[in-house]
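For the single chain, residues carry numbers from 1 onward in sequence order.
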Amino acid sequence: MVAVEGRLVADERRRLPGRGAWVHPVADCLAKAERRRAFPRALRVPGPLDAAPLRRFTT
């Protein structure tokens, strides 16, 4: 995934520009990463990121 305009976007083809991060496609893993505020830290962006677009990729 990468951060695009304050939102997390799944980069399935691994071609989008910017720093990327990996997370398991499991809802619990996504929720844990959000609770720990791991995405802004891993992607090195200021402020919170909207993870709603990733929910359709989780099981």
Side-chain angles (χ1 to χ4, degrees):
M1 75 190 66
V2 296
V4 176
E5 298 178 3
R7 295 179 18 209
L8 289 171
V9 177
D11 187 9
E12 295 179 84
R13 295 182 61 215
R14 292 178 267 171
R15 299 286 187 258
L16 293 174
R19 187 173 177 87
W22 291 86
V23 67
H24 296 108
V26 179
D28 290 341
C29 189
L30 179 62
K32 184 176 181 180
E34 286 182 288
R35 276 194 313 272
R36 298 179 73 200
R37 298 183 192 112
F39 297 122
R41 189 171 55 246
L43 299 173
R44 296 182 182 168
V45 296
L49 294 168
D50 180 21
L54 291 180
R55 298 210 197 299
R56 69 180 186 135
F57 291 98
T58 61
T59 58

Compile the donor-acceptor pairs under 3.5 Å between side chains in residues 3-16 and protein atoms, sequence neighbours left out, one pair per line.
unit_1	atom_1	unit_2	atom_2	d
D11	OD1	R14	N	3.1
D11	OD1	R15	N	3.1
D11	OD1	L16	N	3.4
D11	OD2	R15	N	3.2
D11	OD2	L16	N	3.0
R15	NH1	R13	O	3.4

Expected list for residues 23-48: side-chain donor-acceptor pairs under 3.5 angstrom, two or more places apart:
unit_1	atom_1	unit_2	atom_2	d
E34	OE1	R55	NH1	3.3
E34	OE1	R55	NH2	3.4
E34	OE2	R55	NH2	3.2

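- M1 and L54 get closest at one heavy-atom pair: SD-CD1, 3.5 Å.
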